[in-house]
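Here is how names work: the chains are called A, B, and so on, in the same order as the sequence lines, proteins then strands, and each is numbered from 1.
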Protein chains: 2
Amino acid sequence: MARTRTNPLALAVLALLWERPMHPYEMSMTLRERRKDESVRLNFGSLYSVVDSLVKHGLIEAASTEREGNRPQRTIYRITDAGATEAVDWMSDLVRTPVKEFPQFEAALSFLPLLPPDDVARLLRLRRATLDRDITVLATTVDAATAQGLPAIFAIEAAYELAMLRAELAFVDGLAAAIADGTLGGVDMWRTFHARSTDGRIDPDELAAAIAPYLEGG
Amino acid sequence: MARTRTNPLALAVLALLWERPMHPYEMSMTLRERRKDESVRLNFGSLYSVVDSLVKHGLIEAASTEREGNRPQRTIYRITDAGATEAVDWMSDLVRTPVKEFPQFEAALSFLPLLPPDDVARLLRLRRATLDRDITVLATTVDAATAQGLPAIFAIEAAYELAMLRAELAFVDGLAAAIADGTLGGVDMWRTFHARSTDGRIDPDELAAAIAPYLEGG
DNA sequence: CGCGATATATTCGGTGCCGAACATTCGAGA
DNA sequence: TCTCGAATGTTCGGCACCGAATATATCGCG
């Protein structure tokens, strides 16, 4: 069941229709108002295809097709019993079981030796500055919401994002420093590769020799 | 240029061909040997379509079409100058600029009030246990590689993942405790919703009233 | 009272992604 | 030497995704 439908936007639709019947456009506006579009990737095309898919699997159904004033015709959907069950099951799965994600920054770190170490240190400091600003903005937003009386449980996803951003900031800080002061293992070797090359391309053979121990270790 | 091609697997291909020409199957095996498939989503179908796309954009090119022994015919690719430039540009972008990702756990946190608080606390403790095991396994792997002589820079992506996992563990720990002991803002209200409902479905009107302050603050 | 800007609401075409199927060869053992 | 499983490689069909286009109504403003 949940194997094929992996888009969390479908979970958002189920959660919204749990509260009350809506048409797709209202869903998107509600998600925006509540800032859920910060946590769930939202765009129009995906929303309509996700809604179709949920209908096809009997998790939601068309409640009515209305025309308010002379606005374009629109279809209002409601959640089914199967949909309510699926929402709870899916939520429980997501909370209980960590799923491996593939953040782009991790991919970049995988191939970091491709860039010269001093360039990397510089780029990391730029990243650090951006993260710092992002954290300040997010923390300010959360504080404002709290001050307005929003209970923490209704903005817990922001607290999570803040925690992750801070952890990344600390990592980036540490890495930049370790590269700069040479305490990171292998940074001397890394620098040598790039120092020798005039065209910006490192020597493949030297690289291969460097990673050999790891390959042996399997 | 980089707007349309977002799959980090393409970056992995460029990084591999930077070292030496390869055919697609060898790329996939090399990525596995070096554990890069932990950092970059790798599957056969995507690999071949990504290679085609890179060829189409002139970032790599077919070096030869060989037949070794009586094995199936295979095409060996090499990186072009444009590809080498693109690899450096792309890497620099990824290192310098944080991109907003949408982890599934964050999506689930967005809709957490849908589940009863005591269930959530229990699920979070299960998640905590899994994270703890994952961290132990990863830390052991990293230590083993280091002991075998692999410089830290060649496994820096694992250090990043470890840092993120530990941060998530701390967050999950704190959240579970705050729900259990009632110190999380709004947990009493949250519990009331679910206590009143017999069918497992919370009252939409009460929920709407609860989040009203946030919407005002919009 | 006419015009552009904004809000409402959905459709559509292209593309990237992915799992599974396909095709072949090699090695080990009965 | 027959067979079966593992390794070597690639292709394919379907579907999810996404951004841009489409279409209409309302509103503010001169």
Side-chain angles (χ1 to χ4, degrees), chain A residues 1-13 16 21-33 37 40-57 59 62-77 99-102 104 107 218, chain B residues 1-13 16 21-33 37 40-57 59 62-77 99-102 104 107 218:
Chain A
M1 294 290 270
R3 307 289 139 67
T4 56
R5 184 183 48 266
T6 57
N7 191 343
L9 185 56
L11 179 60
V13 169
L16 288 172
M22 287 187 195
H23 53 94
Y25 185 75
E26 186 182 3
M27 296 176 203
S28 71
M29 289 303 110
T30 306
L31 288 173
R32 290 236 169 106
E33 274 175 11
D37 59 333
V40 176
R41 202 183 299 273
L42 168 65
N43 61 55
F44 295 103
S46 302
L47 179 59
Y48 284 88
S49 80
V50 151
V51 164
D52 286 347
S53 165
L54 288 172
V55 169
K56 206 172 63 185
H57 290 85
L59 303 177
S64 63
T65 301
E66 286 183 359
R67 176 181 294 269
E68 179 179 321
N70 280 328
R71 296 263 175 68
Q73 186 174 354
R74 63 195 186 189
T75 304
I76 295 179
Y77 297 91
V99 298
K100 169 83 186 139
E101 317 247 3
F102 295 83
Q104 304 210 23
Chain B
M1 292 292 268
R3 305 288 136 68
T4 57
R5 183 183 48 266
T6 58
N7 191 343
L9 185 54
L11 179 60
V13 169
L16 287 173
M22 287 187 196
H23 52 95
Y25 186 75
E26 186 182 2
M27 296 176 203
S28 71
M29 289 303 111
T30 306
L31 288 173
R32 289 232 169 109
E33 274 175 11
D37 59 333
V40 176
R41 201 183 300 273
L42 167 65
N43 61 56
F44 294 102
S46 304
L47 179 59
Y48 285 87
S49 79
V50 152
V51 164
D52 286 347
S53 166
L54 288 171
V55 169
K56 205 171 63 186
H57 291 85
L59 302 177
S64 63
T65 300
E66 286 184 0
R67 177 181 295 269
E68 178 179 321
N70 280 327
R71 296 267 174 68
Q73 187 175 355
R74 63 195 185 189
T75 305
I76 296 178
Y77 297 90
V99 297
K100 169 83 187 139
E101 317 247 3
F102 294 84
Q104 304 211 24

Q.
Tell me whether the side-chain N/O atoms of Ser46(B) come closer than 4.0 Å to OP1 or OP2 in dC18(C).
A. yes

Q) Between atom CG in Leu47(A) and atom P in dC12(C), what is the gap in whole Å? A) 16 Å

(Q) Of the listed nucleotides (dT10(D), dC17(C), dC17(D)), which one gets closest to any side-chain atom of Thr6(A)? (A) dC17(D)

Q) Want to settle it: does Pro8(B) or Phe44(A) sit nearer the 5' end of DNA chain C, counting the closest nucleotide to each? A) Phe44(A)

Q. Can you tell me how far P of dA16(D) sits from CZ of Arg41(A), to the nearest Å?
A. 17 Å

Q: Can you tell me the distance, in whole Å, between the CE atom of Met22(A) and the C1' atom of dA9(C)?
A: 15 Å

Q. Where each residue is assigned the nucleotide of DNA chain C containing its nearest heavy atom, which of Gly45(A) and Lys56(B) is assigned the position nearer the 5′ end?
A. Gly45(A)

Q: Output yes when a side-chain donor or acceptor of Asn7(B) lies under 3.5 Å from a complementary backbone atom of Ala10(B), and no otherwise.
A: no

Q. For the pair made of CG in Asn43(B) and P in dC17(C), what is the distance, rounded to whole Å?
A. 9 Å

Q: Could you tell me the separation between the OH atom of Tyr48(B) and the C1' atom of dA23(C), rounded to a whole number of Å?
A: 12 Å

Q: Using modelled atom types only, decide if a donor and an acceptor are shared between the side chain of Gln104(B) and the backbone of Pro8(A) within a distance under 3.5 Å.
A: no

Q.
Tell me the interatomic distance from Met27(B), atom CE, to dT8(D), atom P, rounded to whole angstroms.
A. 16 Å

Q | Met22(B) side chain reached by Thr30(B) side chain, heavy atoms, under 4.5 Å | A | yes

Q. Rounded to whole angstrom units, what separation is found between the CG atom of Leu9(A) and the P atom of dC18(D)?
A. 9 Å

Q) Of the nucleotides dC17(D), dG9(D), dT8(C), which has the atom closest to the Met29(A) side chain? A) dT8(C)

Q: Using atom CD of Glu26(A) as one end and atom P of dA9(C) as the other, report the distance to the nearest whole Å.
A: 8 Å

Q: Compare every heavy atom of Phe44(B) with every heavy atom of Ser28(B), then report the nearest pair and how far apart it is.
A: OG-CE2, 3.9 Å

